[in-house]
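I have placed the structure first, in the form of structure tokens, so that the comments after it can refer back to it.
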There are 2 protein chains.
Amino acid sequence: MKLSTRSTYGMRALVELALTARHRPVSVASIAKRQELSVAYLEQLLHRLRQQGVVGSIRGPRGGYVLAKDPEQITMADVIRVLDGENGETMGKGSTNGSSRVGASRAAGRAHHRHAQRIAHTVWRCVHDRVAESLGAVTLQDLCNAVRTDGEDPPDHRF
Amino acid sequence: MKLSTRSTYGMRALVELALTARHRPVSVASIAKRQELSVAYLEQLLHRLRQQGVVGSIRGPRGGYVLAKDPEQITMADVIRVLDGENGETMGKGSTNGSSRVGASRAAGRAHHRHAQRIAHTVWRCVHDRVAESLGAVTLQDLCNAVRTDGEDPPDHRF
DNA sequence: TGATACCCTACCAAATTTGTCAACTAAAAG
DNA sequence: CTTTTAGTTGACAAATTTGGTAGGGTATCA
């Protein structure tokens, strides 16, 4: 089970936004600098988060990104869905591979297929449901709180 | 968040073992056939599961693999750790990238670094803990039960 | 002894992920 | 109204992971 850097980068950017005084846009450059990651890459991520209504953007001088919802309303599941999702849900179908020459026997293939399908589906669904549930329970607010309690360092906010 | 096919293949094989009458070894070929996946690949997976004490093996004719623990004692977290783990925990360190020319300003880099590190670590740990928790709660036994209840479809017995 | 079936290592091709570049558009400041 | 800031967008390249194959070895039983 892997947590992509994309999603963690995205969530880190959101934490940065949430930690900033409300209603004041923060530029990509600023976030990138504070979080020590590539401007160009972060741009992509924030763009997608904006398209899905997680953040809002303001253009021009003094512009930047702002949270579009309350931190309690944004979950890790949301971020992952927006940034990692889209393309492949990886399963859902095609899970039992073509098996090029494994099932050489034509006869009796049907029953096996159903059996394999059923187990594959069950395994996937049980795991997926549980994980989705816990990811949905981690909110941006939780993370902000954790950050505050975690270290004592006041995060040096100026500019 | 992605569930690798490796781990689902592995878990499917374990379900297959659990569903078989206990104490009777099942050959890789047999599992591969029933689950419709490549023998050679499955061999790798079962090999690693054996090294980590999840299954046991019996060599020679009539040999095969057997569960080494009760189905309640084997969780999805175990399988994932054995099959996907090892190499990259993906985070833990190095999460804040080199940022070639982003941090052009040499001064004040330290404080930023600490700040970035702290948030990165917090985000990662919160999410990881939750997910690990839910994966640890899904046992092989649960999956077997789900498979039994899931499909009422009598699997089309004619062959 | 020979067939069966696990043991183990190395390797590969393709997909995915991570990240960069560069040109473009919108809007506010001066 | 011009400049400058800053988001928009898409193409593209490098690195890593993934899913899978190949092929020889080794133990065990009939």
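In what follows, every heavy atom counts, from backbone to side chain, and hydrogens, waters and symmetry copies are set aside.
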Exercise for review: Confirm from the modelled atom types if Q44(A) and dT20(C) form a donor-acceptor pair under 3.5 Å, side chain to base only.
Suggested key: yes
Check your understanding: Is the backbone of R81(A) close enough, under 3.5 Å, to the side chain of D84(A) for a donor and an acceptor to pair up by distance?
Key -> no
Review point. Any donor and acceptor pair, going by atom type alone, linking the side chain of S134(B) with main-chain N or O of R130(B) inside 3.5 Å?
Key: yes
Check your understanding: Any side-chain N or O of R50(B) under 4.0 Å from OP1/OP2 of dC6(C)?
Key -> no
Point to revise | Protein-to-nucleotide contact annotation, 5' to 3' order, nucleotides 24-30 of chain C [B base; S sugar-phosphate only; - none; under 4.0 Å, heavy atom] | key: -BSBB--
Check your understanding: From dG19(D), dT18(C), dT9(D), pick the nucleotide closest to the side chain of Q51(A)?
Key -> dT9(D)
Check your understanding: Taking atom P of dC8(C) as reference, at what distance in whole Å does atom CZ of R48(B) sit?
Key -> 13 Å
Review point. Hey, which of these two, Y65(A) or S7(B), hits DNA chain D nearer its 5' end, going by closest nucleotide?
Key: Y65(A)
Practice item. Could you check how far CG of L42(B) sits from P of dC7(C), rounded to whole Å? Key: 12 Å
Review point. Does S38(B) make a side-chain N or O approach to OP1 or OP2 of dG19(D) shorter than 4.0 Å?
Key: no
Check your understanding: Just how far, in rounded Å, is P of dA14(D) from OH of Y41(A)?
Key -> 17 Å
Review point. Base, sugar-phosphate alone, or nothing: which one does V26(B) contact when heavy atoms must sit under 4.0 Å apart?
Key: sugar-phosphate
Review point. Does OP1 or OP2 of dT18(C) have a side-chain N or O of T5(A) closer than 4.0 Å?
Key: yes
Check your understanding: Is the side chain of R12(B) donor-acceptor paired with the backbone N or O of Q35(B) at a distance under 3.5 Å, no angle test?
Key -> yes
Review point. Under the 3.5 angstrom rule, does the side chain of R50(B) hit a backbone N or O of S57(B) as a donor-acceptor pair?
Key: no
Review point. Rounded to the Å, how far apart are R12(B) CZ and dG19(D) P?
Key: 12 Å
Practice item. Quickly work out the L3(A) CG to dT17(C) C1' distance and round it to whole Å. Key: 13 Å
Check your understanding: How long is the gap from NZ on K69(B) to OG1 on T75(B), to the nearest 0.5 Å?
Key -> 8.0 Å
Review point. With respect to the phosphate group of dG7(D), does any side-chain polar atom (N or O) of S27(A) fall under 4.0 Å of OP1 or OP2?
Key: no
Review point. Will you find, in the side chains of H128(B) and E133(B), an N or O donor that is under 3.5 Å from an N or O acceptor?
Key: no
Exercise for review: Grab the CG-P distance between L83(A) and dT17(C) for me, whole Å please.
Suggested key: 12 Å
Exercise for review: Determine yes or no for a side-chain-to-main-chain donor-acceptor pair under 3.5 angstrom, with R6(A) supplying the side chain and L83(A) the backbone.
Suggested key: yes
Review point. According to a strict under-4.0 Å criterion, is H47(A) in side-chain N/O contact with OP1 or OP2 of dT9(D)?
Key: yes
Point to revise | Atom-to-atom span, CG of L49(A) to C1' of dT8(D) - whole angstrom | key: 15 Å
Review point. The side chain of E43(B) lies closest to which of these nucleotides: dG19(C), dC7(C), dT21(D)?
Key: dC7(C)
Check your understanding: When the distance from CG of L46(B) to C1' of dC7(C) is rounded to whole Å, what number comes out?
Key -> 12 Å
Check your understanding: Any side-chain donor-acceptor pair under 3.5 Å between S7(A) and S4(A)?
Key -> yes
